[in-house]
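First the structure, in the form of structure tokens, and then the observations on it.
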Amino acid sequence: MPKLNVNGKVREFQAEEDTPLLWVLREQLKLTGTKYGCGVAQCGACTVHIDGEAVRSCAMPASAVTEKQKIVTIEGLSPNGSHPVQQAWLAQDVPQCGYCQVGMIMAVAALLKKTPKPTDADIDNEITNICRCGTYNRVRSAIHQAAGIAPAAPRTRS
């Protein structure tokens, strides 16, 4: 039976060769934090980390990931919500409907690991997730806050 290393634990799964990683995570491993959005790797709601890189799991066959590769989902990023990106998201009141936020948080966490002090151009190039509610200004503020390059003043909704 094939195995995946997810959030530090090796887990067995059973799926067809072309089954997207997203469905193995959600349906078989019961890690439902990762969301389905578009199914074609455009929106980013399904973003997870594979060996530290942001990957859109809806388009990645589970069979393409080896047991040696480390997958991290939102549940493994920080079980108690203490990751700096999660804290900045709360402080900047980023979520509106919240559906896309898990994927966006995962994409931002990968960006900050690779580029701890990203410029706006870095953010524009790397964070291509779609938010239907349009919270992009709050997202950018939260990224800056998590990177320690912007004031951490909370934003309020009007």
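These numbers come from the heavy atoms of this one structure, side chains and all, not from hydrogens, waters or symmetry mates. In this chain, numbering begins with 1 at the start of the sequence shown.
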| request: Go through the structure and list residues passing salt bridge (charged side-chain N to carboxylate O under 4.0 Å, His left out) with E126, not counting sequence neighbours. | output: K114
| task | Spell out, as yes or no, whether a donor-acceptor pair under 3.5 Å connects the side chain of K35 to the backbone of T32. | result | yes
| salt bridge (charged side-chain N to carboxylate O under 4.0 Å, His left out) involving D124 - partner list, sequence neighbours excluded | R140
| request: Work out which heavy atom in Q69 is nearest to a heavy atom in A64; give both atom names and the distance. | output: OE1-O, 3.8 Å
| message | Please say yes or no: joined through hydrophobic side-chain contacts below 4.5 Å, possibly via intermediate residues, are I123 and V108 part of one cluster? | response | yes
| query | Residues two or more places apart in sequence or in another chain: which of them pass side-chain hydrogen bond (donor to acceptor under 3.5 Å, both in side chains) with T19? | reply | none
| request: Quick one: list whatever passes side-chain hydrogen bond (donor to acceptor under 3.5 Å, both in side chains) with T34, sequence neighbours left out. | output: none
| For M1, does its backbone N or O pair with a side-chain atom of Q14 as donor and acceptor, under 3.5 Å? | no
| query | Which heavy atom in L77 sits nearest to a heavy atom in A109, and how many Å separate them? | reply | CD1-CB, 4.1 Å
| query | Can you name the closest pair of heavy atoms from Y99 and G37 and give their distance? | reply | CE2-CA, 4.5 Å
| field | With sequence neighbours excluded, residues passing side chain to side chain contact (heavy atoms under 4.5 Å, CB included) with I130 | value | C43, Y136
| query | Taking only residues two or more places apart in sequence, or in another chain, which ones meet R11 in a salt bridge (charged side-chain N to carboxylate O under 4.0 Å, His left out)? | reply | none
| In the hydrophobic clustering that connects Ile, Leu, Val, Met, Phe, Trp and Tyr at side-chain heavy-atom distances below 4.5 Å, which members other than M60 occupy its cluster, ordered by chain and number? | L4, V6, F13, L21, V24, L25, L29, L31, V48, I50, V55, V65, I71
| In Å, rounded to the nearest 0.5 Å, how long is the span from CG of D122 to CD1 of I143? | 10.5 Å
| message | Nearest 0.5 angstrom please: K70 NZ to E53 CD, how far? | response | 14.5 Å
| query | Quick one: ring pair (Phe, Tyr, Trp, His ring centres under 6.0 Å) pairs with a partner in residues 27-48, sequence neighbours left out? | reply | W23-Y36
| Short question: side chain of N5, backbone of V10 - any donor-acceptor pair under 3.5 Å? | no
| note | Residue set satisfying side chain to side chain contact (heavy atoms under 4.5 Å, CB included) with A146, at least two apart, ordered chain then number -> V85, A88, L112
| message | Between R26 and T73, is there a side-chain donor-acceptor contact under 3.5 Å, judged purely by atom types and distance? | response | no
| Spacing of H49 atom NE2 and M106 atom CE [to the nearest 0.5 Å] | 4.0 Å
| said: Check whether R138 reaches the backbone of D93 with its side chain - one donor and one acceptor, N or O, closer than 3.5 Å. | reply: yes
| field | With sequence neighbours excluded, residues passing side chain to side chain contact (heavy atoms under 4.5 Å, CB included) with K113 | value | none
| Nearest non-hydrogen partners of G52 and A110, listed with the distance | O-CB, 3.8 Å
| task | May I ask you to decide if A147's main-chain N or O and K117's side chain share a donor-acceptor pair within less than 3.5 Å? | result | yes
| said: Just to verify, what does N125 make a side-chain hydrogen bond (donor to acceptor under 3.5 Å, both in side chains) with, not counting sequence neighbours? | reply: none
| said: Working to the nearest 0.5 angstrom, can you tell me the gap between R56 CZ and T128 OG1? | reply: 4.0 Å
| Would you say the side chain of C131 lies within less than 4.5 Å of the side chain of M104, judging by non-hydrogen atoms? | yes
| field | From T47 atom OG1 to N129 atom CG, the distance as rounded to the nearest 0.5 Å | value | 4.5 Å
| Just how far is it from atom CD1 of I105 to atom CD1 of I74, taken to the nearest 0.5 Å? | 5.0 Å
| request: Mind listing the closest non-hydrogen atom pair of C58 and G39 along with its distance? | output: SG-C, 3.6 Å
| field | Partners passing side chain to side chain contact (heavy atoms under 4.5 Å, CB included) against S78 (at least two apart in sequence or in another chain) | value | N80, S82, H83, Q86
